[in-house]
Amino acid sequence: MTTSPITNRIGAVFVHVTDMPKAIQWYSELLGLPIHADSHEGTIYSLHMDGGSDLLLDSNRRDDSSQNNKTQLFFETKKLMDSYHFVKEKGIEVVTEIEKHDNISFFTFKDPDGNILMICEDKRKL
């Protein structure tokens, strides 16, 4: 096998947004994170996630014609039902109801820009 200079780790995931202040507020509330100063002249905002990979809100060069209707990323949970009720209570649009498969259960929902996100419970990690 060839040795690669690229580290086998995701550094960050980009989520493209149209209204940065609204996105910062929405994601911070969803994840229970404090709001901090932004960077890159306000066009990039980093949400520091446990596990090393940050979530980057990016308002640069938004192309609405490329809106993807597939799940962009998922957040882990150890309490799927609590997470589902939390999302519903916030009035967030649920796209797919809870699906249960052997060790994996999940549901999907939309952020304010229509990006489809997932919350997933992996029973092997409980």
Side-chain angles (χ1 to χ4, degrees):
M1 174 163 40
T2 305
T3 302
S4 174
I6 300 168
T7 303
N8 184 11
R9 181 179 186 163
I10 295 172
V13 174
F14 286 91
V15 173
H16 299 280
V17 302
T18 56
D19 183 334
M20 184 61 80
K22 181 178 178 180
I24 291 169
Q25 185 71 36
W26 192 88
Y27 277 93
S28 295
E29 286 181 12
L30 179 73
L31 300 170
L33 297 173
I35 295 175
H36 58 80
D38 57 6
S39 61
H40 297 84
E41 294 79 42
T43 63
I44 299 286
Y45 183 85
S46 180
L47 292 145
H48 302 291
M49 308 293 286
D50 291 339
S53 299
D54 286 349
L55 182 64
L56 301 179
L57 305 179
D58 181 358
S59 64
N60 292 298
R61 295 171 273 155
R62 172 79 176 173
D63 179 7
D64 290 327
S65 66
S66 67
Q67 181 76 9
N68 191 342
N69 290 324
K70 305 267 188 231
T71 304
Q72 302 296 308
L73 60 99
F74 74 79
F75 299 109
E76 292 183 336
T77 185
K78 292 182 179 180
K79 298 179 179 181
L80 188 66
M81 288 305 296
D82 290 350
S83 299
Y84 177 81
H85 292 300
F86 178 77
V87 166
K88 293 287 278 187
E89 287 169 6
K90 294 189 82 45
I92 297 170
E93 180 183 350
V94 171
V95 177
T96 61
E97 295 295 325
I98 294 174
E99 290 187 31
K100 295 182 178 184
H101 305 276
D102 295 330
N103 291 314
I104 305 289
S105 298
F106 61 88
F107 67 95
T108 61
F109 59 101
K110 288 185 180 180
D111 78 357
D113 283 287
N115 295 304
I116 298 178
L117 311 172
M118 177 185 287
I119 295 181
C120 183
E121 179 182 82
D122 185 341
K123 291 178 181 63
R124 297 168 294 189
K125 293 183 178 181
L126 296 179

dist K78:NZ -> D122:CG (nearest 0.5 Å) comes out at 11.0 Å
Is the backbone N or O of H16 less than 3.5 Å from a side-chain atom of N115, with the two atoms forming a donor-acceptor pair by type? yes
Distance, nearest 0.5 Å, that separates OH of Y27 from CG of L33: 12.5 Å
Would you give the length of the straight line joining atom OG1 of T71 to atom CD1 of I116, rounded to the nearest 0.5 angstrom? 6.0 Å
Applying a strict under-4.5 Å side-chain criterion to I, L, V, M, F, W and Y, I'd like to know whether L47 and V15 cluster together. yes
List the atom pairs, with distances to 0.1 Å, where a side-chain N or O of residues 79-87 and a protein N or O form a donor-acceptor pair under 3.5 Å, not counting sequence neighbours.
{"unit_1": "S83", "atom_1": "OG", "unit_2": "T77", "atom_2": "OG1", "d": "2.8"}
{"unit_1": "S83", "atom_1": "OG", "unit_2": "K79", "atom_2": "O", "d": "2.9"}
{"unit_1": "Y84", "atom_1": "OH", "unit_2": "E97", "atom_2": "OE1", "d": "2.4"}
{"unit_1": "Y84", "atom_1": "OH", "unit_2": "E97", "atom_2": "OE2", "d": "3.4"}

Under 3.5 Å, sequence neighbours excluded: what are the donor-acceptor pairs made by side chains of residues 103-110?
{"unit_1": "S105", "atom_1": "OG", "unit_2": "K123", "atom_2": "NZ", "d": "3.2"}
{"unit_1": "T108", "atom_1": "OG1", "unit_2": "T96", "atom_2": "N", "d": "3.1"}
{"unit_1": "T108", "atom_1": "OG1", "unit_2": "T96", "atom_2": "OG1", "d": "2.7"}

Rounded to the nearest 0.5 Å, the CG atom of D111 sits from the CG atom of L30 at a distance of 9.5 Å
Spacing of M20 atom CE and Q25 atom CD [to the nearest 0.5 Å]: 13.5 Å
Examine L73 and L31 and state if one hydrophobic cluster contains both, with Ile, Leu, Val, Met, Phe, Trp and Tyr joined whenever side-chain heavy atoms are less than 4.5 Å apart. yes
Can you see which heavy atom on Y45 is nearest to which on I35, and at what distance? OH-CA, 3.4 Å
Under 3.5 Å, is there a donor-acceptor pair between the side chain of Q72 and the main chain of K70? yes
Determine whether a donor-acceptor pair (N or O, by modelled atom type, separation under 3.5 Å) exists between the side chain of H36 and the backbone of S46. yes
Ignoring hydrogens, what is the shortest heavy-atom contact between F74 and C120? Give both atom names and the distance. CD1-CB, 3.6 Å
To the nearest 0.5 Å, how far apart are OG1 in T18 and CG in L57? 11.0 Å
Same apolar cluster (I L V M F W Y, side chains within < 4.5 Å links), I119/L55: yes
Closest non-hydrogen contact found for S28 with I24 is OG-O, 2.7 Å
Between K22 and P112, the two heavy atoms sitting closest are CE-CB, 3.7 Å
Are any non-hydrogen side-chain atoms of M49 and F75 less than 4.5 angstrom apart? yes
